[in-house]
Chemist: 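Shown below is the structure under consideration.
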Amino acid sequence: MAIARPIFRIFEYEKAKAFYFDWLGFTIDWENKPENFPIYLQISLDGIVIHLTEHHGDCSPAARIHIENFNNLKAYHEKLLDKNYKFNRPSLDKAS
């Protein structure tokens, strides 16, 4: 059977690292980071493999992925909620 790999567009490598690695817990399998060129890399987490790209024509922002049979999803979700990731719980206080 063929394998389909989702490719997600990223705009800033450091922000992508904060989201995919620091918060979600993915690891980098390999990177293609030529000097002065966009970055392309493969990341994985427990059998889930995703490609990330800074290349303009590779894909569109705001894509989704559907993952079936995620073992221990509730425990993983609780682990994410326990992390102090600023974009997960933005302030609801709109007062300036």
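We count residues from 1, following the sequence as given.
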Chemist: Hey, is NE2 on His55 packed in by over 12 heavy atoms from elsewhere, all under 6.0 Å?
Modeler: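 Yes, enclosed.
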
Chemist: Going by heavy atoms in the side chains, are Leu24 and Leu80 under 4.5 Å from each other?
Modeler: yes

Chemist: Hey, are the side chains of Asn71 and Tyr76 touching, using non-hydrogen atoms and a 4.5 Å cut-off?
Modeler: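 Sidechains of Tyr76 and Asn71: no contact.
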
Chemist: Is the count of non-hydrogen atoms from other residues, nucleotides or ligands lying under 6.0 Å from Asp22 atom CG greater than 12?
Modeler: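 Yes, enclosed.
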
Chemist: Looking only at heavy atoms, which two atoms of Pro6 and Val49 are closest? And how far apart?
Modeler: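 Looks like CD-O, 3.6 Å.
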
Chemist: If every non-hydrogen atom of Trp23 is compared with every non-hydrogen atom of Lys83, which pair is closest and at what distance?
Modeler: O-NZ, 2.9 Å

Chemist: Where do Pro38 and Pro34 come nearest, in terms of heavy atoms and distance?
Modeler: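 Between these two residues, the closest heavy atoms are O-CD, 4.1 Å.
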
Chemist: Just how far is it from atom CD1 of Ile65 to atom CD1 of Ile7, taken to the nearest 0.5 Å?
Modeler: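 One finds 11.5 Å between CD1 of Ile65 and CD1 of Ile7.
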
Chemist: If I take atom OG1 from residue Thr53 and atom CD1 from residue Ile10, how far apart are they, to the nearest 0.5 angstrom?
Modeler: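 The distance works out to 7.0 Å.
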
Chemist: Just how far is it from atom NE2 of His51 to atom CD of Gln42, taken to the nearest 0.5 Å?
Modeler: 4.0 Å

Chemist: Starting at NE2 of His77, measure out to CG of Asn72 and round the result to the nearest 0.5 Å.
Modeler: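 Rounded to the nearest 0.5 Å, the NE2-CG separation comes out at 14.5 Å.
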
Chemist: May I ask you to test the Tyr20-Ile28 pair for a side-chain heavy-atom distance under 4.5 Å?
Modeler: no

Chemist: I need the minimum non-hydrogen distance between Arg9 and Glu54, along with the two atoms involved.
Modeler: NH1-O, 2.9 Å

Chemist: Got a sec, which residues hit side chain to side chain donor-acceptor pair (under 3.5 Å) with Tyr13, two or more places apart in sequence or on another chain?
Modeler: Glu31

Chemist: What I'd like to find out is whether the side chain of Ser44 reaches to under 4.5 Å of the side chain of Ile50, using heavy atoms alone.
Modeler: no

Chemist: More than 12 heavy atoms of other residues, nucleotides or ligands under 6.0 Å from CZ of Phe37: is that the case?
Modeler: no

Chemist: Measuring only between side-chain heavy atoms, which start at C-beta, is Ile43 closer than 4.5 Å to Leu45?
Modeler: no

Chemist: Tell me whether Ile39 is reachable from Trp30 by hopping between hydrophobic residues (I, L, V, M, F, W, Y) whose side-chain heavy atoms are closer than 4.5 Å.
Modeler: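 Trp30 and Ile39: separate clusters.
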
Chemist: Please examine the side chains of Tyr40 and Leu52, heavy atoms only from C-beta on, and report whether any two atoms are closer than 4.5 Å.
Modeler: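 Contact flag for Leu52/Tyr40 side chains = no.
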
Chemist: Do the non-hydrogen side-chain atoms of Glu14 and Lys17 ever get within less than 4.5 Å of each other?
Modeler: yes

